[in-house]
Amino acid sequence: MATFQTVKGFRDFYPEDCVLRNYIFDVWRRVARRYALSEYEAPIVEFTDLYRKKSGDEITGQLFCFEDKKGREISLRPEVTPSLARMATARQRHYGKPMKWFQIGSCFRYEEPQKGRTREFNQFNADIIGDAAASADAELIALAIDVMLEFGMSKEDFVIRLSDRRLWTHFLEEIHIGVEKTPAFLQIIDRMEKVPESVTADKLQALGITLDQVKAFMSSASESHPVFAPLQENLSARGLWTYVKVDPGIVRGLAYYTGTVFEVFDLKHGLRAVAGGGRYDNLCGLLGGNDLPCTGFAMGDVVLGEMLKQTPHAQMAITDFMLKSFALDAYIIVADESVRHHALASVQALRSAGVRTDYGFNPQKVGKQFQAAEDKKARYAVLFGSEYPQVEVKDLTARTQKPMKADELSGFILEQIQRPALGPLIA
RNA sequence: GUGGCCGUAGUUCAACGGUAGAGCCCCAGAUUGUGAUUCUGGUUGUUGCGGGUUCGAGUCCCGUCGGUCACCCCA
């Protein structure tokens with residue numbers, strides 16, 4: 001029994017977990033590059049003020065914050081967007097617009113762990129900086145859809161819920177409600193589908209708004225509302241509008257979104273949002289730079305992982321990736337210890353040639369060594385015995401065996417592993 | 001920050017307040033140069049941690065840490 005436990009909400013990644021993580025990163029990175037995004041990275045810690053500026057003092061309750069040895073207030077990053085805004089502001093004249101950037105890395109939030117939520121998690125961030133047009137928003141929504149498709153999800157598994165903050169700011173203007181009430185109002189809208197109507201009505205009443213006003217507005221803000229027209233036109237042209245459902249109730253948490261907001265929503269398992277994002281044109285200015293139009297979204301690995309586990313088609317792709325990750329091309333069997341040095345020479349030669357090769361460090365019975373080759377999912381077992389320099393090469397999937405010279409090994413195996421395996425193993 | 005449930009071997013789980021166990025895994029042998037199956041034998045524990053009640057605590061009580069689920073929140 002281990003004496004130490006992990007710090008609350010943090011995860012160990014054993015090899016099989018690490019493969020899943022790598023698979024997720026792989027898909028994120030692959031699709032992002034397909035969209036011509038450039039990868040960047042930011043520090044894992046920032047001054048706590050960076051997050052206060054963006055979200056207000058109350059946010060520190062959810063931050064992993066501490067003082068460094070000189071008493072400076074530091075936080076583990078709870079998200080990457082503020083760092084991105086800081087970086088973009090600092091070199092805004094250096095990069096041509098629009099800047100299309102993505103990032104993959106861990107973030108930290110000091111909250112109670114529960115389903116789909118840990119204190120440390122990995123996030124994929126995709127952002128377009130310096131383009132205020134809806135076509136930039138559309139590009140990112142398309143990217144989000146393609147990421148989900150790449151994971152093996154289909155239209156039955158997820159939907160993009162789309163809204164626009166401007167709907168609500170116009171609404172509030174029309175009914176003459178002050179701007180200062182916007183955050184409180186948006187939070188009520190955000191909670192609407194979860195709390196009883198009477199509660200919503202009471203909360204709205206406190207702001208001087210009636211539930212009927214809100215309901216009437218929501219039914220008028222349909223897909224045909226002009227604010228969605230550019231997005232609809234753009235995504236329809238790509239054949240992707242079918243993945244989108246307009247839902248004015250989506251407002252996405254805190255107050256800094258200024259236009260388009262959307263989330264990737266799981267349709268089958270009642271999970272929280274897999275990804276979320278939108279346009280935030282004021283953030284750079286808020287952090288002290290010039291205003292830069294920005295739009296972006298983030299996708300976390302925790303809810304996504306839950307969804308992948310529960311979606312059979314996605315699970316198959318993961319299994320395939322795991323087999324490929326762990327599989328060996330060759331396993332060297334030493335049947336006669338007097339030729340071990342020759343076996344080691346061949347191991348080295350195979351590895352230099354790019355063949356994934358393993359062998360047992362210590363003398364062992366031949367049967368055990370074959371079993372080890374099998375357990376390690378090797379495509380070929382190569383037996384080194386007293387006949388050296390002749391060796392036996394056995395195809396472990398086809399169960400066929402043939403002799404050859406040791407110096408022919410690399411060439412033979414390299415040529416063979418270009419072809420698909422005959423048996424059930426995926427090499 | 002709040003609350004429910006949970007914490008026993010590597011793992012999945014048993015054990016009325018009375019000697020801590022089983023399956024699987026792992027190791028060895030049957031089988032000294034070929035993967036399966038089977039059989040035989042074997043290793044494995046501060047019962048998360050710390051207190052308390054009791055003649056006696058894995059079991060009951062308190063605290064704490066971790067897991068899990070929900071609330072809060074969700075950038």
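Note on naming: letters A, B, ... go to the chains in the order of the sequence lines (proteins, then strands), and numbering restarts at 1 for each one. Both backbone and side-chain heavy atoms feed into the values below; hydrogens, waters and symmetry mates do not.
- For A:I332 and B:rG33, the CD1 to P distance is 18 Å, given to the nearest whole Å.
- Residue A:R252 has a polar side-chain atom (N or O) positioned under 4.0 Å from OP1 or OP2 of B:rA75.
- Among B:rG33, B:rA75, B:rC74, the nucleotide with an atom closest to any side-chain atom of A:Q62 is B:rA75.
- Distance CD (A:Q123) to C1' (B:rC74): 11 Å, rounded to an integer number of Å.
- Rounded to whole Å, the separation between the P atoms of B:rA14 and B:rU59 comes to 16 Å.
- Atoms CZ and CD1, from A:F265 and A:I160 in turn, are 12.0 Å apart once rounded to the nearest 0.5 Å.
- In this structure, A:W28 and A:F25 have parallel ring planes: the angle between them is below the 30° cut-off, well short of the 60° mark.
- Rounded to an integer number of Å, the gap from A:Q114 CD to B:rG66 C1' is 16 Å.
- Closest approach to the A:K365 side chain among B:rA30, B:rC69, B:rC74 is made by B:rA30 (side chain taken as heavy atoms from C-beta onward).
- The base of B:rU34 sits with one of its N or O atoms less than 3.5 Å from a complementary donor or acceptor on the side chain of A:Q401.
- Nearer the 5' end of RNA chain B, as judged by each residue's closest nucleotide, is the contact made by A:T118, out of A:T118 and A:D190.
- Atom CZ of A:F370 is separated from atom C1' of B:rU34 by 4 Å (rounded to the nearest Å).
- Here A:K115 does not reach the OP1 or OP2 of B:rG67: none of its side-chain N or O atoms lies under 4.0 Å away.
- The partner of B:rG18 is B:rC55, by the rule that a Watson-Crick or G-U pair needs both atom distances under 3.5 Å.
- Paired with A:I188 under the rule side-chain contact (heavy atoms from CB on, under 4.5 Å), one option of A:L211, A:V251, A:L207 passes, and it is A:L207.
- One donor-acceptor pair, N or O on each side, does fall under 3.5 Å between the base of B:rU34 and the side chain of A:K394.
- Atom pair A:N362:CG and B:rC27:P shows a separation of 14 Å (rounding to whole Å applied).
- The same atom, C1', is picked in B:rU12 and in B:rG29; the two are 28 Å apart, to the nearest Å.
- Residue A:E112 places its side chain closer to B:rU2 than to any other of B:rU2, B:rC73, B:rA75.
- Counting non-hydrogen atoms under 4.0 angstrom, A:G116 reaches nothing in the nucleic acid.
- The 5' end of RNA chain B is approached more closely, in terms of each residue's nearest nucleotide, by A:Q364 than by the other of A:Q364 and A:D336.
- For the C1' atom pair drawn from B:rC25 and B:rU32, the interatomic distance equals 27 Å after rounding to whole Å.
- A:E387 contributes a side-chain N or O that forms a donor-acceptor pair with the base of B:rG33 under 3.5 Å.
- Relative to the side chain of A:R109, the nucleotides B:rC73, B:rC74, B:rC71 differ in distance, and B:rC74 lies closest.
- Between the C1' atoms of B:rC55 and B:rC49, the separation comes to 26 Å (whole Å).
- A:Y110 places its OH atom 11 Å from the P atom of B:rU2, with the value rounded to the nearest Å.
- Of the P atoms belonging to B:rC39 and B:rG23, the separation is 12 Å, rounded to the nearest Å.
- Heavy atoms of A:I333 sit nowhere under 4.0 angstrom from any nucleic acid atom.
- Checked by atom type, the side-chain pair A:N234/A:S135 shows no donor-acceptor distance below 3.5 Å.
- Figure legend: cation-pi geometry between A:K394 and A:F370, with NZ or CZ positioned under 6.0 Å from the six-membered ring centre and within 45° of its axis.
- At least one test fails for A:R119 against the ring of A:F108: distance under 6.0 Å to the centre or angle within 45° of the axis.
- For B:rU2, the paired nucleotide is B:rA70, the pair qualifying as Watson-Crick or G-U wobble because both relevant distances are below 3.5 Å.
- Residue A:R117 places a side-chain atom within donor-acceptor reach of the base of B:rC73, judged by atom type and a 3.5 Å distance cut-off alone.
- B:rC71 atom C1' lies 13 Å from atom CD of A:E111, rounded to whole Å.
- Using N1 to N3 plus N6-O4 or O6-N4 for Watson-Crick, or N1-O2 and O6-N3 for G-U wobble, each under 3.5 Å, B:rU31 pairs with nothing.
- Judged by distance alone, with hydrogens and angles left aside, A:T6 brings no side-chain donor or acceptor close enough to the base of B:rG67 to form a pair under 3.5 Å.
- Classification of the A:W101-A:Y95 ring pair by plane angle, with boundaries at 30° and 60°, yields perpendicular.
- Side-chain nitrogen and oxygen atoms of A:K368 include none within less than 4.0 Å of the OP1 or OP2 phosphate oxygen of B:rC27.
- Taking a pair to require two hydrogen-bonding distances under 3.5 Å in either a Watson-Crick or a G-U wobble arrangement, B:rU44 remains unpaired.
- Nucleotide B:rC24 forms a Watson-Crick or G-U wobble pair with B:rG10, both donor-acceptor distances falling under 3.5 Å.
- Each of B:rG1, B:rA75, B:rC65 was ranked by its minimum atom distance to the side chain of A:Q5; first place goes to B:rC65.
- Comparing the same atom, C1', in B:rA22 and in B:rU44 gives a spacing of 14 Å after rounding to whole Å.
- Between B:rU64 and B:rC74, the two C1' atoms lie 28 Å apart (nearest whole Å).
- Between B:rG1 and B:rG18, the two C1' atoms lie 43 Å apart (nearest whole Å).
- The separation between A:Q369 atom CD and B:rU32 atom P is 14 Å, rounded to whole Å.
- For the 3.5 Å distance criterion, the side chains of A:S83 and A:E46 qualify, holding a donor opposite an acceptor.
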